[in-house]
Amino acid sequence: MKTIIDILTAKLNDAFKTNNYEGPFGTVNISSRPDLCQFQCNGSFAAAKIYKKAPFVIAEEVVSTLVNDAIFKNIQVEKPGFININISDDYLIAILKEVTSDPHMGITQITDETIVIDYGGANVAKPLHIGHLRTAIIGESLKRIARSTGRTAVGDVHLGDWGLPMGLVIAEMTERYPDWKCFSESFDPNVDKIATLDVNTLNEIYPFASKKSSQNEDFKLKAQNITAKLQNHHPGYYALWQEIIKISKIDMKKSYDRLNVEFDYWYGEYDSEDYIPELIEVLNDNNLLYESNGAMVVDVKEDNDKVDIPPIIIKKSNNANVYATTDLATIIQREKYFHPNGIWYVVDSRQSLHFNQVFRCAKKAGLVPQTTKLIHAANGTINGSDGKPYKTREGGIMQLSTFIDIIIETISKNPNNEINCDNDINKKLAIAAIKFGDLINHRSKDYIFDIDKFTSPEGKTGVYILYMLARMNSIIKKLDEEKVNNAMLYNIYSDTERDIILNVIQLNDVFTKSFNEQAPNYICENLYQLSVLFSKFYHDNHIIKEADIQKQLSWIKLILIIREAILKQLYALGIEAVEAM
RNA sequence: GUUCUAGUAGCUCAGUCGGAUAGAGCGAUAGCCUCCUAAGCUGUAGGUCGGAGGUUCAAUUCCUCUCUAGAACGCCA
């Protein structure tokens, strides 16, 4: 479906052409001066340069060929050469009807593309903490945005389950529980049992072992050794590893469930293991792999690099794999399973060099077609008021489950709650507060986390949006069912209603932009604006008491449309709607 | 040291393929509930868009330099 911007741009382009100005001068944008007009075209400035004519004159010519077109309420030239456009109400209503009769509300559906989205990236044996929050929230939203545009989107958690952290945990276990059978060479997985682990111990071991390895060189070596052995399927370590994974995944899933974050696949680095031999083979066949300082590496420099991009390490000098190895092997795996048009990595921006190397290597080795878009949808960090990654008051890292608990508790304490909100609604409000508060910031930027701002019931928040939704639901519930069924847009009665319609018919532009830039904040902004417009509309008009039946039916229809648009955007952000609050 | 990213209202952030008077939330301040949920609505104040040059009819947006902060820079992920 063509958007209003497309239609206007086409009309303006034709008008420029009719007046013998060749070139795409007709681009129409949403007005930067809503007090003057709804849409604007600045093409006469560009044309003026090429045709050496005053922009005002060109604009006048263009406008004169369009002035009688019925879709315009008015189209006129302003000062140096702006073309200001307002659409007639009849045409706005016609477009809106077209948009609302489409189940996707005018959002262009591209059904022949697949995007794999890699988010989560958590390490097993390590509790989820606040550092995992952004990638989970942003990734989930990007997946849903892709789906909203008709694409197939595959979400993969890509667990860190096959690297040094595993070696560290097991190394620590060998010291704490030296008697465990799995540490002996005689361990037989068919006969011997693995000790039962509990998740709290597991969560405590990793930070402990990690700290220990930074202070104790021998321990570090031991962990590296165990990692290498594990990767070679040492029976005891491998069996223990399987147990760790099992326990850890259950715990992780709990946290992700609370955030309403769902993965289609719980693959990890380990699952790419089968593709490592193929990776090595391909790299060798292409003569890319060579030995350097004992490690096996691939050059990924390009001619116009400003700075030396170091080679990518495929095999460490002790023959162990690193994350570049598993990331590349995973690309082979994903290409085999999904033939994606794009793979998006929602990972901390500090890893951009790594992904640059991996992508170059993948393209160089032909692991994916040249057309496959490998994108590092980098996310910023959540910082404290000191501008450094967020820490608790005690200086530790806040666990995700603790974080969610705090937000729920604060929301529950809101005085408006006592009468209205049950526990389940508070949970939804808390998650909405967290997600909206995160997504409203641009994906790639760090932001300063302020617990009061997140939990505030006021202002530009998830709670505000859900509150507006609850009001809409309440009105609809109180109306006669017959009226709701017969609701229909007869007319536009106010500027606010006009603005609401303009907002709704531009949903496609918002979704397209969000998809193209992997940036959910545009949807957040649009959603908030629509909610504000509804609120204004709500205060200006009393829908239930309205006596003019045509007016009332128009207003009811408008509310139904707003609700649908809001639900669509909430879905794309991964925020659950509430019926009431 | 090199490279990258950022610097916009008191605070937290949007915006920018160059366009007309730079936006929002919080905070400050003045109002609005006999009426569909006041977790709401309306108004006011608050800015030389880090600084200096340049390109342009037009620069917060592009280029150069500079200051400040953060990040990355081969065997962790």
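Order of the sequence lines fixes the chain letters, A, B, ..., with proteins taken first and strands second; residue numbering starts at 1 for each chain.
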Going from CD1 on A:I543 to CZ on A:R471, what distance comes out if it is rounded to the nearest 0.5 angstrom? 10.0 Å
Of the listed nucleotides (B:rU37, B:rG7, B:rG25), which one gets closest to any side-chain atom of A:K445? B:rG7
Side-chain N or O of A:K388 closer than 4.0 Å to phosphate OP1/OP2 of B:rA71: no
Measuring to OP1 and OP2 of B:rC75, would you say a side-chain N or O of A:Q224 lies under 4.0 angstrom away? no
Under 5.5 Å and under 30°: A:Y538 stacked on B:rG40: no
Taking the minimum atom-to-atom distance to the side chain of A:Y522, which one of B:rU16, B:rA58, B:rA20 wins? B:rU16
Between A:K536 and B:rU42, does any side-chain N or O lie under 4.0 Å from OP1 or OP2? yes
Counterpart base for B:rA24, defined by Watson-Crick or G-U wobble contacts under 3.5 Å: B:rU12
Is the distance from OP1 or OP2 of B:rU5 to the nearest side-chain N or O of A:R350 less than 4.0 Å? no
Taking only side-chain nitrogens and oxygens of A:S535, does any of them come within less than 4.0 Å of OP1 or OP2 of B:rC41? yes
Quick one, which residues of residues 288-300 of chain A touch RNA chain B with a heavy atom under 4.0 Å? A:S292, A:N293, A:A295, A:V297
A:K460 vs B:rU12: side-chain N/O to OP1/OP2 distance below 4.0 Å: no
Would a line drawn from the ring center of A:F537 to the ring center of A:Y493 be shorter than 6.0 Å? no
CG (A:L466) and CD (A:E576) are apart, to the nearest 0.5 Å, by 10.0 Å
Just to confirm, is there a sub-4.0 Å distance from OP1 or OP2 of B:rC13 to any side-chain nitrogen or oxygen of A:N521? no
Apply side-chain hydrogen bond (donor to acceptor under 3.5 Å, both in side chains) to A:D480 and list each qualifying residue two or more places apart in sequence or on a separate chain. none
